[in-house]
Engineer: 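Take this structure first; my questions come after.
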2 protein chains.
Amino acid sequence: MRVRLEDVARATGVSPKTVSRVLNEEPSVKESTRQKVLAAMESMNYRPSPAARGLAGSRSFLVAMLYDNNDNPASTYLAEVQDGVLDACDAHRYSMMACPLRMRGQDFIRRVDALVFDHHIDGVIMTPPLTDFAPLLQRLKEHGVPYSSISPVQHGGAIGVCMDEQQAAKALVTHLVELGHRHIAHIVGIANHGASRWRMAGYKDALAAVGLPFDPQYVVQGEFTFGSGVIAARELFALPELPTAIFAANDDMAAGVMWAANERGLKVPRDLSVCGFDDTPLATQLWPPLTTVRQPSREMGKLAALQLMELLRGRGTGLLVQVPYALQLRESTSRAP
Amino acid sequence: MRVRLEDVARATGVSPKTVSRVLNEEPSVKESTRQKVLAAMESMNYRPSPAARGLAGSRSFLVAMLYDNNDNPASTYLAEVQDGVLDACDAHRYSMMACPLRMRGQDFIRRVDALVFDHHIDGVIMTPPLTDFAPLLQRLKEHGVPYSSISPVQHGGAIGVCMDEQQAAKALVTHLVELGHRHIAHIVGIANHGASRWRMAGYKDALAAVGLPFDPQYVVQGEFTFGSGVIAARELFALPELPTAIFAANDDMAAGVMWAANERGLKVPRDLSVCGFDDTPLATQLWPPLTTVRQPSREMGKLAALQLMELLRGRGTGLLVQVPYALQLRESTSRAP
DNA sequence: GACAGAAATGACAGCGCTGTCAATTTGCGA
DNA sequence: TCGCAAATTGACAGCGCTGTCATTTCTGTC
């Protein structure tokens, strides 16, 4: 019924172990032998059994994507990252297990142990804020499970993928400055996300670069959600001197700002310029379309997974790749009134 | 290092096979024995190896979630469904593999075969439009792999979960009628989705119920995407007699309608009432908030997975559960002008 | 109390692969 | 041509569990 490694061996006239060697790309197989075996595998349509490989060997060809969907309101982001990871898995004959984690409580320990022990996971791909969740990283290290991070805060030694968000945020805010805005507010994201820190830093950089003062009352805390954007905007609208532009740390909050502006009777961009970050589908679905920064989530997922797989295959030690950002200037920003 | 089944057996003083029986909830194990074994498993923190179980036995405790992310623009929907499926997996100690499929080409055959042969998948959970993709269903049947469907078109014999979308759409449009609207347009979704059919049918039902004529020019084809909503709305706005209300087959398209209304200078809901379907996060992020129908995606994912697992465990034959819908009346609809 | 039949348990092989280590072949210099 | 190390290959056990079938232990019955 099923074509087994042994069948391929018999057909080729070599021992099963040699076929195994070819399968696992081990060195010290004569090139001519390798070719014969590969041909047989191909023609017999041989597919190794992951279960058997996992049981007998040390590798499972399974990677896990860990994410915290409680602290990650933008499900679009996670979905895109996941698709990217799956792209990479596909290319390298790995399988992926999606594993939502709750950072609060000890749940994550149990989950991670389950992944490692039960499934013999070969490696892990993580999204923020898990990328810098010390207890998790420690556990993974204890288990000796390699991991690849997407936008980790700590760049030192991490492998995965990142973007220069600080520079991007600076560029975005600089754009506002160039439009003549002098009272630019910022809505910060969830504290434990590196994204919040970088985007805020970029905001400050941009102000400093042109000698504009940093005014704490123009900086409001948000939570990356639409609702928190609304609340933050209302807060800003209650100030004696309204900002003429608001830079929200992500698109969802920017959407909230635009909502609150509507509520308040402010016309975007005539009375208020608004910009976000991420360039989620939402950005082009708002009226007016949102000025933001494009972050190639799917690509980043794919790259992070590829880095991990290079490492698992023993090729190289894994890198922290940087992907380029791109400003998306749309109609939600205009000259200061 | 690792606690094995044999260890539990030794500790309990029974044979490995008996422990295996307890693990698999097989009948004909004396209750007292079962208790002893369970206690030992618990205290020793025994975790069976999925790889070994998969290799030796016929089950893998793996289910696959199949989806078509090309034809499913609303990634939020998929993400929620997936979370629901994972909830169920968690509860029943199953693992899930996410498996995006492209319906075009023969890709899906290869993927499905890979799942079945390589991973010994126990069952499959599908989202539209895969739920009614004949070649896929046939292949699954050939392999003898049970599947559970979310919102399948063909109810006969299917197991999974559905919602009375036709009734929901009818209720929604009836609401518009009650607000005094007489020129109600409908933007249809992608043809091969049951959702498109049902929502359209409900629209017709509502009109018929109050004796309003069905006017084909008020029915425009869309693709479930924001962009297609914009285009469809522009088409409607070009008619000699503008509709006073538009029912888009999903929220994304409704957002497109509102975008086009803005573009055209129409004020929602004063000049135009708009409603959608699904109650995605987007619905409350638009201005004004969108009247729509809530579809409990996560819950549906969970229920579909649970049905599958009941079936896999040999309890019952699986049902097609119906979940209730709920109208979400918000500010995007108001009395006809 | 003996016996058939059901209930409960166990022995054992083997799922399809890989790790270990031993055996064989090859290459190359003396 | 011979000897030795390196390159290549193979034998074999076993990963942790379950299927099959045999065996033992209960039941209830007459």
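Numbered from 1 within each chain, the chains take letters A, B, ... in sequence-line order.
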Engineer: Do the side-chain N or O atoms of A/T18 get closer than 4.0 angstrom to the phosphate oxygens (OP1, OP2) of D/dG10?
Structural biologist: yes

Engineer: Please name all residues satisfying salt bridge (charged side-chain N to carboxylate O under 4.0 Å, His left out) with B/E142, sequence neighbours left out, ordered by chain then number.
Structural biologist: B/R139

Engineer: Describe, as an angle rounded to 10 degrees, how the axis at the first end of the helix from C/dG1-D/dC30 to C/dA30-D/dT1 is tilted relative to the axis at the last end, five pairs per end.
Structural biologist: 40°

Engineer: Polar atoms only, N or O, under 3.5 Å: list the protein pairs with nucleotides 4-6 of chain C and their distances.
Structural biologist:
none

Engineer: Distance check needed: C/dC17 P versus A/R93 CZ, whole Å only.
Structural biologist: 13 Å

Engineer: Is there a residue in residues 31-41 of chain B whose heavy atoms reach under 4.0 Å of DNA chain C, and which residues are they?
Structural biologist: B/T33

Engineer: With ring-ring contact (aromatic ring centres under 6.0 Å, His included) as the rule and sequence neighbours excluded, what pairs involving residues 39-61 of chain B come up?
Structural biologist: B/F61-B/Y94

Engineer: Is a donor from one side chain sitting under 3.5 angstrom from an acceptor on the other, for A/S60 and A/H119?
Structural biologist: no

Engineer: Under 4.0 Å between any heavy atoms, over every strand shown, what does A/P48 touch: base, sugar-phosphate, or nothing? Just pick one.
Structural biologist: sugar-phosphate

Engineer: Please report the distance, rounded to the nearest Å, between CG in A/L55 and P in D/dA13.
Structural biologist: 17 Å

Engineer: Using a 4.0 Å heavy-atom cut-off to protein, can you give one letter per nucleotide of nucleotides 18-27 of chain C, 5' to 3': B if the base is in contact, S if only the sugar-phosphate is, - if neither?
Structural biologist: SBB-------

Engineer: Within the structure provided, determine whether A/M309 and A/C89 are in side-chain contact (heavy-atom separation under 4.5 Å).
Structural biologist: yes

Engineer: To the nearest angstrom, how far is A/M44 atom CE from C/dG16 atom P?
Structural biologist: 13 Å

Engineer: If a pair satisfies salt bridge (Lys or Arg N to Asp or Glu O under 4.0 Å) and one of its residues is in residues 36-62 of chain A, list it, with sequence neighbours excluded.
Structural biologist: A/R47-B/D118

Engineer: What is the distance, rounded to the nearest whole Å, between atom CG of B/D118 and atom P of C/dC15?
Structural biologist: 18 Å

Engineer: Can you check the B/R2 CZ to D/dC15 P distance for me, whole Å?
Structural biologist: 12 Å

Engineer: Under 3.5 Å, side-chain donor or acceptor atoms of residues 148-159 of chain A against the rest of the protein: list the pairs with distances, not counting sequence neighbours.
Structural biologist:
residue	atom	partner	partner atom	Å
A/S148	OG	A/A304	O	2.8
A/H155	NE2	A/P152	O	3.4

Engineer: Going by the rule salt bridge (charged side-chain N to carboxylate O under 4.0 Å, His left out), which residues pair with B/R34 if we only count those two or more places apart in sequence or in a different chain?
Structural biologist: B/E31

Engineer: Salt bridge (Lys or Arg N to Asp or Glu O under 4.0 Å): which pairs involve residues 86-95 of chain A, sequence neighbours left out?
Structural biologist: A/D87-A/R298, A/D90-B/R111

Engineer: Residues two or more places apart in sequence or in another chain: which of them pass salt bridge (charged side-chain N to carboxylate O under 4.0 Å, His left out) with B/D164?
Structural biologist: none

Engineer: What verdict does the side chain to side chain donor-acceptor pair (under 3.5 Å) test give for A/D132 and A/H193, after you've listed the backbone C-alpha separation in whole Å, the side-chain angles of each residue and the deciding distance to 0.1 Å?
Structural biologist: CA-CA 8 Å; A/D132 294 277; A/H193 282 62; over 6 Å; no

Engineer: For the pair A/Q307 (side chain) and A/L319 (backbone), establish whether a donor and an acceptor sit closer than 3.5 Å, ignoring hydrogens and angles.
Structural biologist: yes

Engineer: Does the side chain of B/S49 get closer than 4.0 angstrom to OP1 or OP2 of D/dG16 through an N or O atom?
Structural biologist: no

Engineer: So, using salt bridge (charged side-chain N to carboxylate O under 4.0 Å, His left out) as the criterion, who are the partners of A/E26 when residues are at least two apart?
Structural biologist: A/R21

Engineer: What I'd like to find out is whether the side chain of B/V19 reaches to under 4.5 Å of the side chain of B/P16, using heavy atoms alone.
Structural biologist: no

